[in-house]
Amino acid sequence: MIKEYRTIREISGPLMVVKNVEGVTYDELAEIELPNGETRRCKVLEVDGDRAVVQLFESSTGINLAESKVRFLGHGMQLGVSPDMLGRVFDGMGRPIDGGPEILAEEYLDINGLPMNPAARDYPSEFIQTGISAIDGLNTLVRGQKLPIFSGSGLPHASLAAQIARQAKVLGSGEQFAVVFAAIGITFEESEYFVNEFRRTGALDRTVLFSNLADDPAVERISTPRMALTAAEYLAFQQDMHVLVILTDITNYAEALREVSAARKEVPGRRGYPGYLYTDFASIYERAGRRKGKKGSITMIPILTMPEDDITHPIPDLTGYITEGQIILSRDLYLKNILPPIDVLPSLSRLKDKGIGEGKTREDHSGTMNQLFAAYSAGKDASELMTILGEAALSDTDKLYAKFAEAFEKEYVGQGQSTDRSIEDTLDIGWKLLSILPKSELKRIKLEYIDKYLPKQEG
């Protein structure tokens, strides 16, 4: 039986203290009933003896301490799940906001999920095609991987997120694929952009979209990625789908965590973020992966903006420890109008070697990837040398490398925001660019592949 309490003793901003409670647990959901019958939801942040601190999901305005009642519901926050979620738009609390009917839930799942036993994990080893050459060709995304995108303020990470959500696919017949997209702490304009973009391209039919706006309560911002991952776990491990989860922007999530931590008067850690920021990130990121005996998988792309473009900031720093690599966006490339502005040299996918090669992408993928990295690095060095010493200081080979680097940025990286390239297209463009260099410079590719794939020079 659900007990009601009329023992609200104190309200401070979004926090409320309830006294004389029994059997209340951390993270439990509660309802406050106002004298006029209106109800507002909240959750338990702290329990100390018979005293519970709860955080409101809505405003505390109008709550009468003496006459309002609190009911503790006996469970944490839950999400009603069903295959009908695909093609729908929800808020950060899992309520439909697209004008459609309520979801007829098959079951209700705790949004905190269950930790995946490391012994039950299967190793990521299959390729996911994003249609973006700088990712597919050089920093390959593998099914079950966590590959974050590190961006900066003002860089087009929103359009890159939408492009990946639109274009991503798993190769092979009979594979079911879905996207779960969580927009965290974004503006109304950005939310409309994502919804309209997915509707326009038909991508919404295979997408579950969660949209949390900047003016929504901080505690709702904390629940949004967990809502998204609960939906993903249901689709992956109960409906046998391959799910790509895109979370943008993790920085807004961390700011909400800091706000709640400050309201609870916790001792701050680096830059004022709570000391448990690493653990909290891990509780989100580690929900991605593959399970032995299950057909489905969860692949995750968290997107975060680095404050002041500082990669040592706690948010990108801690994210890098937990995830398997990073895709870094470059302000210099963006100023050159190269879109998407992916800086391939500091970017890294630690699992790329596991998802490429014959039977997965193409036999020549590994060699061309290594050769393109090496040639672009040499070309950047040659370009810098030319800027300092002038073109006369460069050898003929150095000039070819500088020419290669410029062409590589424009043609390979700068594919635009609407071009969807297959992995074969990406590899063929790589070979076309490598043909700028003398054959003797292609030392990282097997001769048989050079003879088979390198475009033949006229004359």
Side-chain angles (χ1 to χ4, degrees), residues 130-141 147-164 166-167 190 193 197 248-249 251 301 303-311 313 316 325-349 368-394 397-421 425-437:
T130 64
I132 296 167
S133 292
I135 297 175
D136 293 347
L138 301 175
N139 295 290
T140 314
L141 180 64
L147 186 64
I149 294 174
F150 290 1
S151 180
S153 179
L155 294 181
H157 50 270
S159 56
L160 177 59
Q163 186 175 2
I164 293 171
R166 265 195 333 261
Q167 297 178 178
E190 285 175 309
Y193 165 74
E197 186 68 9
T248 179
D249 182 337
T251 302
I301 300 181
I303 298 173
L304 57 92
T305 47
M306 300 180 287
E308 299 170 358
D309 290 1
D310 179 12
I311 202 166
H313 187 278
Q326 69 280 329
I327 303 291
I328 297 178
L329 301 191
S330 160
R331 203 170 289 281
D332 289 341
L333 290 177
Y334 180 58
L335 294 173
K336 290 183 191 175
N337 202 30
I338 288 168
L339 298 172
I342 294 172
D343 196 350
V344 299
L345 293 180
S347 295
L348 169 69
S349 168
T368 51
M369 175 179 72
N370 294 335
Q371 191 66 64
L372 286 167
F373 266 122
Y376 181 51
S377 179
K380 292 277 282 182
D381 290 343
S383 299
E384 286 175 20
L385 202 60
M386 188 160 56
T387 305
I388 298 164
L389 302 176
E391 193 172 337
L394 268 60
T397 304
D398 286 341
K399 288 173 189 172
L400 287 174
Y401 271 114
K403 181 185 173 185
F404 169 87
E406 187 180 352
F408 177 83
E409 288 179 353
K410 283 183 180 170
E411 295 178 39
Y412 194 94
V413 179
Q415 67 182 69
Q417 295 172 321
S418 55
T419 306
D420 184 1
R421 289 179 181 164
D425 292 340
T426 290
L427 291 168
D428 290 344
I429 290 166
W431 278 108
K432 179 187 157 201
L433 292 167
L434 289 173
S435 69
I436 293 171
L437 303 172

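Below, each value reflects all heavy atoms present in this structure, side chains not excepted, and no hydrogens, waters or symmetry copies.
Checked by atom type and distance alone, the side chain of Q415 pairs as donor or acceptor with a backbone atom of G131 at under 3.5 Å. The main-chain N or O of P156 is found under 3.5 Å from a side-chain atom of S159 such that the two form a donor-acceptor pair. Put simply, the side chain of T426 never gets that close to the backbone of G137: no donor and acceptor are under 3.5 Å apart.
Between R331 and D309 a salt bridge is recorded (basic side-chain N to carboxylate O distance below 4.0 Å).
Between F150 and L329 the shortest side-chain heavy-atom distance does not fall below 4.5 Å. Residues I303 and D249 form no side-chain contact, since every pair of their non-hydrogen atoms from C-beta on lies 4.5 Å or further apart. Residues I311 and I328 form a side-chain contact, since some pair of their non-hydrogen atoms from C-beta on lies under 4.5 Å apart.
A side chain to side chain contact (heavy atoms under 4.5 Å, CB included) with V344 is found for one member of V413, I135, L333 and no other, namely V413. When each of D136, T140, N139, D420 is paired with T130, the side-chain hydrogen bond (donor to acceptor under 3.5 Å, both in side chains) condition holds for D136 and for no other.
The CG atom of D425 sits 8.0 Å away from atom OG of S133, with the distance rounded to the nearest 0.5 Å. Taken to the nearest 0.5 Å, the CG atom of L138 stands 12.5 Å off from the CD1 atom of I132.
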Pairs of donor and acceptor atoms involving the side chains of residues 398-408, under 3.5 Å and at least two apart or interchain, shall be tabulated with distances.
| from | atom 1 | to | atom 2 | distance (Å) |
| --- | --- | --- | --- | --- |
| D398 | OD2 | S395 | OG | 3.3 |
| Y401 | OH | E441 | OE1 | 2.7 |
| E406 | OE2 | K410 | NZ | 3.4 |

Do any side-chain atoms of residues 375-386 form donor-acceptor pairs under 3.5 angstrom with protein atoms, and if so which ones, sequence neighbours left out?
| from | atom 1 | to | atom 2 | distance (Å) |
| --- | --- | --- | --- | --- |
| Y376 | OH | E409 | OE2 | 2.6 |
| S383 | OG | G379 | O | 2.9 |

